[in-house]
**Student:** 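Before I ask anything, here is the structure I am working with.
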Amino acid sequence: IALYSLPIRYMLLYVILILMSGIWLFLLSQGLDSSENVISTLKSFVVSPAEKSIQGLVEVAAPHLFAMGILIFTAAHFMLFSTNVSPKVSLRVTMLLFAFALLDIFAYFAISLGLVVSGWIKLAALSGFVLLFLLLLGLVGISL
């Protein structure tokens, strides 16, 4: 069991860095590189999200589905070795995480098709995904 702690700790650090870079790239794509701050960038995204084409969304959604799925799959499988967390809890968190990942990716489709005129759904899905993923990482950390 002690030998599992080294790759798990490395994975936790790696995944936190991936999440931070993903959030940063999302903010940059929404206009953070201008003179605005983070809060004003998020407000402008909620009011008027950037125009996206369906073809561009498909090109972005496929690798994101793969990458998010691999991250969730890897982190959730470390829960198999946990004796401190109930399997039911880890299963529920993992399933909710997959649901939020799909909602996060397909929120842009709702925006581009005109089903939703504001970016609040994308921000809510992204926030839910990040918070649930941090919860899963916390459960993995507890299981060390």
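Numbering starts at 1 and runs along the sequence shown.
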**Student:** Rounded at 0.5 Å granularity, tell me how far OG in Ser86 sits from CZ in Arg92.
**Tutor:** 8.0 Å
**Student:** Looking at Leu132, Ile72, Leu103, which hits side-chain contact (heavy atoms from CB on, under 4.5 Å) with Phe98?
**Tutor:** Ile72
**Student:** If we ignore hydrogens and angles and just use 3.5 Å, is the side chain of Asn84 paired with the main-chain N or O of Ile142 as donor and acceptor?
**Tutor:** yes
**Student:** Honestly curious: do Ile16 and Phe133 fall in one hydrophobic cluster under the side-chain, below-4.5 Å linking rule?
**Tutor:** yes
**Student:** Would you give the length of the straight line joining atom CG of Leu139 to atom OG1 of Thr94, rounded to the nearest 0.5 angstrom?
**Tutor:** 8.5 Å
**Student:** Starting from Tyr10, can I reach Leu17 by hopping between I/L/V/M/F/W/Y residues whose side chains sit under 4.5 Å apart?
**Tutor:** no
**Student:** Would you say Val89 and Leu97 are hydrophobically clustered, going by side-chain heavy atoms of ILVMFWY under 4.5 Å?
**Tutor:** yes
**Student:** Linking I/L/V/M/F/W/Y whenever any side-chain heavy atoms sit under 4.5 Å apart, do Leu91 and Met68 land together?
**Tutor:** yes
**Student:** For the side chain of Ser127 and the backbone of Ala124, is there at least one donor-acceptor N/O pair under 3.5 Å apart?
**Tutor:** no
**Student:** For side-chain contact (heavy atoms from CB on, under 4.5 Å), just list the numbers for Leu136 and Met79, CA-CA rounded to whole Å, side-chain angles, deciding distance to a tenth of an Å, and then say yes or no.
**Tutor:** CA-CA 9 Å; Leu136 181 65; Met79 294 302 296; 4.1 Å; yes
**Student:** Under 3.5 Å, side chain of Thr74 to main-chain N/O of Leu71, donor-acceptor pair present?
**Tutor:** no
**Student:** In terms of ring plane angle, is the pair Phe73 and His77 parallel, tilted or perpendicular, where the classes change at 30° and 60°?
**Tutor:** tilted
**Student:** Report the C-alpha separation of Leu19 and Phe129 in whole Å, then their side-chain angles, then the decisive distance to 0.1 Å, and conclude whether the side-chain contact (heavy atoms from CB on, under 4.5 Å) test is met.
**Tutor:** CA-CA 10 Å; Leu19 281 175; Phe129 175 77; 4.3 Å; yes
**Student:** So do Val85 and Val140 actually touch side chain to side chain, heavy atoms under 4.5 Å?
**Tutor:** no
**Student:** In this structure, would Leu115 and Leu102 fall into the same cluster of hydrophobic residues linked by side-chain contacts under 4.5 Å?
**Tutor:** yes
